[in-house]
Chemist: 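Pasting a structure here, questions to come.
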Amino acid sequence: MDEYPYPLFFEATDFTDREKEKVRRYFQKRRDSGGGDCGNLEKLGGSVYKICFKEKEDQERVLQRKFHTITLPSGEVRLTVSRTSSPQVDQPSTSQSLSSRNPNIKGLEKTFRIDVFLLFFLRDNCKAYKFFEKQLSSIGCTVELNFDEEEVLVRGEVDKGPGGGFGGAAEKWECQVDRVFIRLTETYLCYHVLEPKLVKMVLQDPAFKTDDIKYYIESGYAVVVGEVDAMKEKIAVLEKSRPTKKEVPIVEKKFKLIEEEFNREMCANCPDVTIIRGSAMITLEGPDKQVQSGAAKLDELIKNVKEKRVKFPTALLTFMKTSDAIPKYQTRFQQRLRNPVFFEVGSDLVLSSLSSDALNMAEAAVMRDLKVATVQLQGAIDLNRLKEILTKAKNEANSRELRVDVSYMPGASGTSTTKVQLVGYSENVAKLNEVLHDFQLNQVSTQETINLLHPEIVDCIDKILDLIGMKQTKVTLQASHFPNPCVIVSGPRCHVQEAKEALTSTLASLIVDTLTLDGPGAQQYFQEEGKVTKELIESSCYVIIREKQTAATPNVQRPRNTSRLSDTPRSLSYSSSMYSTVGNSAINRTNLKIKLSSLENEQVDVLVVPMLNKQLTSTNIGKSLLSKAGNILKFNFDLVLASCAIAPGDVQLVDAPPSLGCSKIFFIECLPWDGVRGKSVQALGNGLKRCLELCAQQNLGSVAIPIIGPGIVLKYPLREAIQVLTDIIHRFGLSASSGSLTNIHIVIKPGYLDSEACYHDVYKQLSLNMNQGGQAIFRSLTTDLDDIIVKVGSTVKLHVVFGDISNETTDAVVNTTSFESFNLDGVCNDFSTLAGPQVAAKSGNFPSKAILHVHGKQDEVLIEQLVCDIICYCESHKYNSVAIPAMCAGAGGLDPAIVARAIFRGIKSSASFMNSLTDIRLVLINIDVFLTFKEEAMQMYSSAVINRVQVQQQQPPHSVSAYLSSLHINSTSQQSVFTFLGLSKKDVDDAMGKLKHQYQTQCSSNTFSKEELEPLSQDDMMELKELVESEGLFMQTDQSGTLTVSGLKDGVTRVMQKMNQCQLMALAREVRVREEEDLYLRVVWCILAHNGNWERLPRTANHQLENDELTKGIKDAQGLIWEVNLQTMVATQQLNRQTTKLKRLENLPDFTFPLYWDSMAASENMTVIPLESSSAEYRIVTKAFKRTVGKTAMKIERLQNVHLRRAYEAQKKHISDKNTREGGAGEKLLYHGTTQENCNSIMKTGFNRSFAGQNATSYGHGTYFAVNANYSAQPAYSKPAADGSQLMFVARVLTGVYTQGRHDMMVPPPRNPQQPHDRYDSVVDRINNPSMYVVFHDNQAYPDYLITFK
C-alpha cells in the first residue's frame, strides 16, 4: 500500500532540486502550510507538480487555504493547490472561439475548475447563484455548472473592434470573467471539519444549516460553506469546541488522599473530561473550559493536603520499616479517621492528610503505640546469660508478628557492652524492660560509701588495709576526696554490705595525732635524706606517717624554682587566686603608664592584640595593625596560627615586622561577651595573665595593652573590660615576678565618645591598686594627662587637672552658664543633680561652700577679668581653694588656647593679693582642651612641673628592726606538720618521739647581730628571706634587732654564705653610687627620643657610657635596653632594632649645658649650629614662627654662647628668687627683628639696650621683644638685605613681674614707692594680653635662635 496516498496538485514553472526540497519542507510544516508528513515533489509533465500526504487530515488542511506563498532563492511563488492534476482553480483554460453566423460577432467560452463544495453551495443557495449569474449576465455571459467534472463553463460573444479584429475584445472579455470568479472565491469559504466530535456538533447545531450556510458530509468529515464573515464566526465556535489535553504532575501519596473527592467533583462539574492516570501524572482530555476547570480543582485539592513531619529515633523508624507497622497503620488510619491519613517512613515519619485534627490524632496514636528504651547495664554482669533470657522473651512476644526487637550497644572502647536497646510496641518494650530490670537486680554489682572522719586516710588507704590485715577479695575499695573524704566499696551486693560493716568498725578504732616541728625543712628532710629513717619508724612502731600539706605551708622541693610567677595552666579560671602572693614584700619594678594613642604607634617590646576565631582582622585593632604593617604581618600571623589548635584564652606569639615599633605581638583568642560569670571574662583574664607571664619569662622590658572588649566585635561593657585588665595588672604586681618587665602601657585610643570615661575609669582602678597593705606594688603610675603644678607666688599652687569639676571638693566651684537655659548649660545639670534645686543661690547639698555662676560671653578679655573677680571673691570669703573650668572652651566654642592664656593672665595678675587662697584648680573634662592648657602652662610658667603619681622607692629603713618587720614573717608558714595513724596510742606516741629526735639531730642554728644586718638593703633582706624559705628554715627575730635562722645544717650554712655575699655587695653598691653621682654632675649623656627631643639618660647608663661598660647595653629612663656604638654615637634598641642618636655634654664648673645644645670644646665660648629641617627642634621653631608670618623660613640657627647663657641663667635665678610669690622669672620665647649689621654683635655680646631708640621708644628706653613674629618681621625692624632676606631672633626673655610702659622710662618703675629699689622686671604695651615686652637689663634676654626668612 502506498505510504503517501493523498495527493495534491499545483502548477508552477520549473523548480531546481534545491527549490523542490524547500517546497517539500513547506508542505511538511503544519504551522506554515497546514500539512504534515509528505513525500517528495514530483513533476507530472509540463508545469504540473504533485505532492502526496500520509494523512488525509493533512491533505484537507492544505486545501483549506486557497493560495500558498513560498519564499525561494529566486523569489516568492504563489501556488494554487487542487485535488486533481489541473490545479488552477482561478485560472481559465484556454479560451475557445465559437463559430458564429454573424461574421462581426465571435462566440467565446471559458472553463473554471473550483471546489466541488462551492459548486454544491451555488446549486443549493439560490440567492448566491442568482447573484453570481447576475454578475456574469452584466457582461453578457451565461454560466453552466458541471458537477461531474467539478467545473464551471462560461460562454459569451464579442464584436469586432475598430481595426476589424476580435483580439482586443476577446482579451477584455476574459479579464471581466476572471474578475467575477475572483470575487466569487473571495466571497465564499469552504471549511473542512475533520474531528468526529466537531462533525457531530455541525450536524446537531441548526446554526450550521441556514439559507446562507450549508454543510456537506463526506466519508468521515464535513465541509461547511458560506460567506467569509459568517464562516469566521462559525469557525471560531468550532475551534473553541475543539477538545484539549492537559497534563498535571502529582505526588502519588497526596493524590490518593484527594482521589475520591476529585472524581466526585469531575463527574458533577466536568462530565465531558476524560481522566487518564499515569505515573506521577494526571492527563485531562475534553472541552478546554472543562479541562481548565478540572486542572484548577485538582491543584486546589492538592494544596489543601497538610503534611506533618515527626522526629523519631532511628531505631524506631527501622523497626517500623521491617515490621508490618506501616500497612497496619495505613489501613487503620484510612478506616477509623474521618479524613484519611497517608503514612510514610523515611528519615522521619511523614503524615499527610486534608485535616490537621486527623494528623494530630495519627501522631498521638503512633507516639502512644511505639516506644524505644535504652537501659544502661550496671557493673559486671554475665552478658551471655542476659542475651539468652532476653532472646527467649523476645521470641515469645514475636510469635505471631514482629512486636519488639533487642540490640546491644558497645561501650566507648568497643570492648564491652554497656547498653541494651529495646524497640517496638510500647507494651512489649515494657515487658522486656521488666525482664532486664529483674536480671540486673539479681546479677549486677553495687557500691556503698563509707565517710571518713580524717581526710588523711584517703591518701594512705592501702597502707591502712595492710596495717589492719584486711584483704580485698570479692570487693574493691577505692578512696576519694570528693565530694568529701570517703571510701567506696564496690562488688556483688551481698559482699559489699559485709565489707562495709567490717571496715567501718576498724576505721573508727584508728588513733590519729599530729606532730609539729619548727621550720618547713622538716618535711623536706623526711622526703629526701630522712625518707628511709621515716619508713623504719613506720614499720617498727606499726604506724603510718603522712606530711600534712596546708595552703600556708607549701611543700618545699628540690631543685628549687627561682621564678616567683607560677605557670598556671590555661584551664585555670580567672579568679582572685590567679597569682600567688604568699611571702611577697619586694617592690615591683614595673612602671604603669596610661597612653592616649593608637596601639600600632606604640614603641615597646610587645603589643597585645585580641582576635576572634584565629582571624587577624576580626577586630578593629587587628585591622589597624595590618594597615600599618602590611602583608608581612599577615604572612607571619598565618605561619604561626595556620596549623595550631587554639582555645579561648590561649596566647600566640607572632614576630612583628620592622614597620611596627615592637619586636613581638601577643595575640589573645577571645570570646564575645556572655556575662560577668561567662566564659568570655575567664578567657580574657587568662589571656592577659599569660601575656604578662610571657613578658617576664622572656626578659621583655615593655608591653602595650589596649582596653580589650568594648568594641563592636566582642561587645563588652566598658567597665567590665577595664575591670578585667586592671585586676590582672594588679595581681601581676602582687606576684613580684615582673622579671625585666619595667613598663606596662595601657593604651586608650582618643577621639571616641567614651575616651574620657575610659581614661577616668582606668586611672581610678590603677590608682586604687598601686599599694597593698601599705606597701607599694608598682614603681609609678604616669599618664599623658598627668596634672601640671605651677607655683604662683610663695604659697599658691595652680593645678591644671584632667577631670570632672562636679567631683571637686574645693571651697568654691565655678560653673559657666548663659543664664538663659540654666539647667542645661555646661555642667549645670550635673551640679543640679548633686546639689539639689537650691544650687542657683547656694551650694545646696554640693560638698563645696559656694558655686559661682559666670558667663564669659566668648570674650577673652572678659574671661581674664572674671578670673580676677573669682579670686577676689574667694579672698573676701577666706576660701582656701577654688575649682575653675575651661570657660567658653566647650559649648562656648572659643579656642582653648585663647581661653587658657586669658585664665593664666588673670591668675598671674591676681597673684600679689592672694593670701587665703592657696589652691587653684583648673579642671578640664575634655582631653584635647587639657592638652592645650598643659602646653600653654608649660610655656607661660617656667616653674610648671608634671605631677606624676610616683610610688616611692623603699628607702633603707632607719633601723634593723624596721628591716626585719618588713619581712612579714609568718610563724605558721615556718612549721612542718606530720600526721600519725596507728592502732594504739602507745604506738603513735613512740613514733612521734622517734621522728622528732631524728630531725633535731640534723639541725643547727645561727644568730646574726644587728651590726651584721645593718649594711643590707631591703632587696638583700628579701633575697635572704627567699633563701630561708627555699631551704625550709625557721626564722625568728627579737626586739634587739637580731635574726636567728635554724633548721637543717646545710641550709643554715647556705644562709651564712649568702649573708657574707650581701655584705660585700652592699659595700660595692655604695662605692658605685658615689661614682655615678659624681659623674652625673660633670658629664651629661643624652639620647634622642622618638618625639625628637633629647632626654638625659639615668645615672647608671651615664656611668656605663662614660666608662665604656656596654657589654649588656644600657637602659633608658623608660626601661628600654639599647646596644651602643660609641664610634658612631648610635644606639640600637635590643629587641626591635630601631636606632637613635647619642650625644655627650661635659658641663663646666660654673655652667650646666642645656640638653638641646650640641657639645662644645672646653676652650670654645660660642658656636652657631644650623638646624636640620627634619629635626623636631626645627619644626617647633618653624611652627611658632609660621603661626603669624606668611613668609618662608630659609634657615634656622641655634646660638650657643656660654658667657651669655651663664649670665642669663644667673639673672634668671635672681629674678626667680625675687619673685617667689609672683610666679618666678616668667621666662618666655619672644621675637626680635634685626639687621645684618646688628646680628653678629647680638650673637657675641647679647642684646644691648644702649641702642634703644633706633626703631622706637614708645614704652621706654630698653630692648623690645614681640609676642608674635609678624610684628618683628616688619621691614622697619627686620630690614631686608640686598637679596630680600630678613633676620629675626627667637629670644628667651625673663619678663618677671611687668607693668605698663611709657616712652620716657629709662628703667622699670618701682613696684612700691616706699621701696624705690624694688622695681618691676619689665614693661609692656598693655597690661591685658601684652603683645610687646621691654627689658632694661642686657642679661635679661638670651638670643636662642636666628631665623633667616624671605
Chemist: Could you tell me whether Tyr1342 and Phe1247 have their ring centroids closer than 6.0 angstrom?
Modeler: no
Chemist: Answer yes or no: are there more than 12 heavy-atom neighbours, outside Lys1186 itself, under 6.0 Å from its atom NZ?
Modeler: yes
Chemist: Evaluate the ring planes of Tyr763 and Tyr759, with Trp represented by its six-membered ring, and classify them as parallel (under 30°), tilted (30 to 60°) or perpendicular (over 60°).
Modeler: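 Tyr763 vs Tyr759 ring planes: parallel.
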Chemist: Treating Ser1216 as the side-chain partner and Gly1224 as the backbone partner, does any N or O pair qualify as donor plus acceptor under 3.5 Å?
Modeler: no
Chemist: With no hydrogens and no angle check, is any side-chain donor or acceptor of Asn1219 less than 3.5 Å from a backbone partner on Gly1296?
Modeler: no
Chemist: Verify whether one side chain among Lys593 and Thr782 offers a donor that lies under 3.5 Å from an acceptor in the other.
Modeler: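 No pair is found: no donor N or O on one side chain lies under 3.5 Å from an acceptor on the other.
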Chemist: For Gly1233, does its backbone N or O pair with a side-chain atom of Ser1278 as donor and acceptor, under 3.5 Å?
Modeler: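 No; zero donor-acceptor contacts below 3.5 Å.
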Chemist: Kindly compute the distance separating CG (Leu625) from CG (Asn620), expressed to the nearest 0.5 Å.
Modeler: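 The distance works out to 11.0 Å.
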Chemist: Does the Ser627 side chain pair with the main chain of Lys623, one donor and one acceptor, at a distance under 3.5 Å?
Modeler: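 Absent.
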Chemist: State the OH-CD distance between Tyr1208 and Glu1227, to the nearest 0.5 angstrom.
Modeler: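 Answer rounded to 0.5 Å: 3.0 Å.
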Chemist: Could you check if a side-chain atom of Leu1126 sits within less than 4.5 angstrom of a side-chain atom of Leu1110, using non-hydrogen atoms only?
Modeler: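 When only atoms from C-beta onward are counted, Leu1110 and Leu1126 do touch, with a gap below 4.5 Å.
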Chemist: Under a 3.5 Å cutoff, is there a donor and acceptor pairing between the side chains of Asn1329 and Arg905?
Modeler: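 Side-chain D/A pair, Asn1329 to Arg905: present.
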Chemist: Is there a donor in the side chain of Ser1331 and an acceptor in the side chain of Asp1325, or the other way round, less than 3.5 Å apart?
Modeler: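 Looking only at side-chain atoms, Asp1325 and Ser1331 do form a donor-acceptor pair, the distance falling under 3.5 Å.
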Chemist: Does a side-chain heavy-atom distance below 4.5 Å link Thr1100 with Gln1104?
Modeler: yes
Chemist: Just checking Tyr1231 against Phe1185, ring centres under 6.0 Å apart?
Modeler: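 Centroid separation for Tyr1231 and Phe1185: 6.0 Å or greater.
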Chemist: Around atom NZ of Lys1143, are there more than 12 heavy atoms from other residues, nucleotides or ligands closer than 6.0 Å?
Modeler: yes
Chemist: Are Arg1099 and Glu1077 close enough, and set up right, to give a salt bridge (charged side-chain N to carboxylate O under 4.0 Å, His left out), and what steps lead you there?
Modeler: CA-CA 7 Å; Arg1099 288 173 173 78; Glu1077 290 289 348; 3.0 Å; yes
Chemist: Do Glu602 and Ser597 get their side chains close enough for a donor-acceptor pair, meaning under 3.5 Å?
Modeler: yes
Chemist: Check whether any side-chain N or O of Asn591 sits under 3.5 Å from a backbone N or O of Arg779 as a donor-acceptor pair, and report yes or no.
Modeler: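 No.
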Chemist: Side chain of Asp1283, backbone of Ser1285: donor and acceptor closer than 3.5 Å?
Modeler: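 A pair under 3.5 Å: yes.
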Chemist: If you round to the nearest 0.5 Å, how far is CD of Glu1095 from SG of Cys1086?
Modeler: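 Rounded to the nearest 0.5 Å, the SG-CD separation comes out at 9.5 Å.
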Chemist: Scan side-chain atoms only and decide if Ser1175 and Glu1177 contain a donor-acceptor pair under the 3.5 Å cut-off.
Modeler: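 Judged by distance alone, the side chains do not pair up.
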Chemist: If you count the non-hydrogen atoms of other residues, nucleotides and ligands that lie under 6.0 Å from CD in Glu1164, is the total more than 12?
Modeler: yes
Chemist: Under 3.5 Å, is there a donor-acceptor pair between the Asn601 and Lys628 side chains?
Modeler: yes
Chemist: Counting neighbours of CG on Asn631 that are heavy atoms of other residues, nucleotides or ligands and sit closer than 6.0 Å, is the number greater than 12?
Modeler: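 Not buried by this count: 12 neighbours or fewer within 6.0 Å.
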Chemist: Rounded to the nearest 0.5 Å, what separation is found between the CD atom of Gln1236 and the CG atom of Leu1287?
Modeler: 5.0 Å
Chemist: If only atom types and distance count, is the side chain of Gln1340 paired as donor or acceptor with the main-chain N or O of Val1335 below 3.5 Å?
Modeler: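 It does not hold such a pair.
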Chemist: Can you tell me how far CD1 of Ile1242 sits from CD of Glu1237, rounded to the nearest 0.5 angstrom?
Modeler: 11.0 Å
Chemist: Atom OG1 in Thr1167, atom CE in Met1243: separation rounded to 0.5 Å?
Modeler: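 With rounding to 0.5 Å, OG1 (Thr1167) is 9.0 Å from CE (Met1243).
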Chemist: Any donor and acceptor pair, going by atom type alone, linking the side chain of Thr1188 with main-chain N or O of Asn1270 inside 3.5 Å?
Modeler: yes
Chemist: Report, as yes or no, whether the 6.0 Å neighbourhood of atom NZ on Lys1350 holds more than 12 heavy atoms from other residues, nucleotides or ligands.
Modeler: yes
Chemist: Strictly distance-based, threshold 3.5 Å: is any side-chain N or O of Asn1102 a donor or acceptor partner for the main-chain N or O of Pro1098?
Modeler: no
Chemist: Taking the six-membered ring of Trp1122 (Phe, Tyr or Trp), confirm whether the NZ or CZ of Lys1115 is under 6.0 Å from its centre and within 45° of its axis.
Modeler: no
Chemist: Less than 4.0 angstrom from a charged side-chain N to a carboxylate O is my criterion; do Lys934 and Glu936 meet it?
Modeler: no
Chemist: For the rings on Tyr1271 and Tyr1277, is their centre-to-centre separation under 6.0 Å?
Modeler: yes
Chemist: Is it true that the side chains of Gln698 and Lys664 contain a donor and an acceptor less than 3.5 Å apart?
Modeler: no
Chemist: Would a 4.5 Å heavy-atom cut-off, applied to side chains only, mark Arg1205 and Glu1209 as touching?
Modeler: yes
Chemist: Is the backbone N or O of Thr590 less than 3.5 Å from a side-chain atom of Thr742, with the two atoms forming a donor-acceptor pair by type?
Modeler: no
Chemist: Does Ile903 reach the side chain of Leu922, with side-chain heavy atoms less than 4.5 Å apart?
Modeler: yes
Chemist: Can you find a side-chain donor-acceptor pair between Asn1201 and Asn1165 that sits under 3.5 Å?
Modeler: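 Judged by distance alone, the side chains do not pair up.
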